[in-house]
Amino acid sequence: MIEAGLLDEVMDRVDAGGLELTGEGGFLPEMIKAVLERGLATEQTGHLGYERGDPAGRGSGNSRNGTSPKTVASEVGDIDLAVPRDRAGSFEPRLVPKGARRTGGLDEMIISLYAGGMTVRDIGHHLERTLGTELSHDTISKITDSVLDEVKAWQSRPLEEIYPIIYLDALVVKVRDGHQVRNRAAHIAVGVDLDGVKHVLGIWVQAAEGAKFWAGVCAELRNRGVRDVLIVCCDGLTGFPEAVEATWPQTTVQTCTVHLIRAAMRFVSYTDRKKVAAALRPIYTAPTADAAETELLAFAESDLGHKYPAAVATWENAWERFIPFLAFPPELRKIIYTTNAIESLNFQLRKIIKNRGHFPNDDAAIKLLWLAIRDIEDKRARARAKEKGLKAADRRAPGRLVEGATVNGWKAALGALAMAYPERIEPYLT
């Protein structure tokens, strides 16, 4: 069509208003109709074993028997097909199977719209408005539920024996519980493997974020094959370190410094926050734990420390879980001092969740979060593919969000981990 100039002619007619691309009588639906009907006729010829009008078909025991009307929904609108029949009723078309009312592309479109945060009702209105295709809410819901088996397989897949670093965090989702809508915590685990590649290990929804449930999450990861974790980065939730150590006793639990700063800032007035933030910086950038303790004492004895004793107490109470990263060199510190690796993922997911209002159940929340992660990664991959071959300075496409992303400076960080945990990591490196 391109070489013959037919496509240019079609687009000229579209621009002139003499031809519609989609909708009833549009060019694309008619073209797809012609392609599908020709494909169905070819399938039937293969099934019967002879061409239409071929004398070889006489006495074969089966022959063509007209067509049956059928309407299928597609990405460009409803398509009315004439599906061929045979007298023996043994013809089973594969291009448009019996009982199928949609083309595969439409299902993928619906799942993509759902992953983008649209509700079932919104998707129904969108399809009717743009394509003229009417699908019931129950049908759309069943289409999105078709990925549940894939989600369950992903949730139970085997994992690596060791993850040098695992980030644990939760975000709030709203789920209907009877006649009420309640806040529930979606727990997310992101692991960094020996190659420095990040992976979302799982998503779990529970009534609230708590150490007891995190202990169950760690136990499930252990049952899926994770024998050892060198460092777990998490927030300052009470009992969190004990929950992790119940599964991996030798694991170093690092409290997120950013969470710790936020917790301290809750007691600081808005006018003093910049001053307090500047005063806290020497603590978490100190070269050693002893130097950090000296800086904390200096802050406690300062005017700001006397004015906000609760902020000082926040650091003192979390001190033992704050200082582990100070024993490592800078290339490893910047990776484990904060849970930003998972916070950036949560930020993207929150943008999608807020459009939904609430979920009917926990499975629906997990399904959307999983689809959203997959959809975000696919969009970023397509953007990077478009810029392939350009100079680095001319590229604007974002990198991977989490799944498959490689930690910057991982080679140096792995070397630091090998020096800190030689007996635990070297067997896996060889």
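In what follows, residues are counted from 1 in the order of the sequence shown.
- Residues meeting the ring-ring contact (aromatic ring centres under 6.0 Å, His included) test with Trp315, sequence neighbours left out: Phe322.
- At least one donor-acceptor pair under 3.5 Å links the side chain of Gln254 to the backbone N or O of Phe325.
- At least one donor-acceptor pair under 3.5 Å links the side chain of Asn361 to the backbone N or O of Ala364.
- In summary, the side chains of Thr45 and Arg64 do present a donor paired with an acceptor at a separation below 3.5 Å, with no hydrogens or angles considered.
- Between Phe213 and His187, the two ring planes are tilted [angle within 30° to 60°].
- At distances below 3.5 Å, not a single donor-acceptor pair connects side-chain atoms of Trp370 with backbone N or O atoms of Gly202.
- Checking side-chain atoms of Asp235 against main-chain N and O of His259 turns up no donor-acceptor pair under 3.5 Å.
- Closest approach of Ala211 and Phe240 over heavy atoms only: CB-N, 3.9 Å.
- Proximity of a side-chain donor or acceptor of Arg333 to a complementary backbone N or O of Phe328 within less than 3.5 Å is detected.
- Heavy atoms only, all atoms of each residue included: Asn183 and Lys174 are closest at OD1-NZ, 2.9 Å.
- Inter-residue side-chain proximity for Tyr167 and Val192 is flagged as met; some heavy-atom pair is nearer than 4.5 Å.
- Arg321 has a carboxylate O that lies under 4.0 Å from a charged side-chain N of Glu245, or vice versa, which qualifies the two as a salt bridge.
- Considering all non-hydrogen atoms of both residues, Thr314 and Ala263 come closest at CG2-CB, 3.9 Å.
- Separating the CG atom in Leu417 from the CD atom in Glu331 is a distance of 10.0 Å, to the nearest 0.5 Å.
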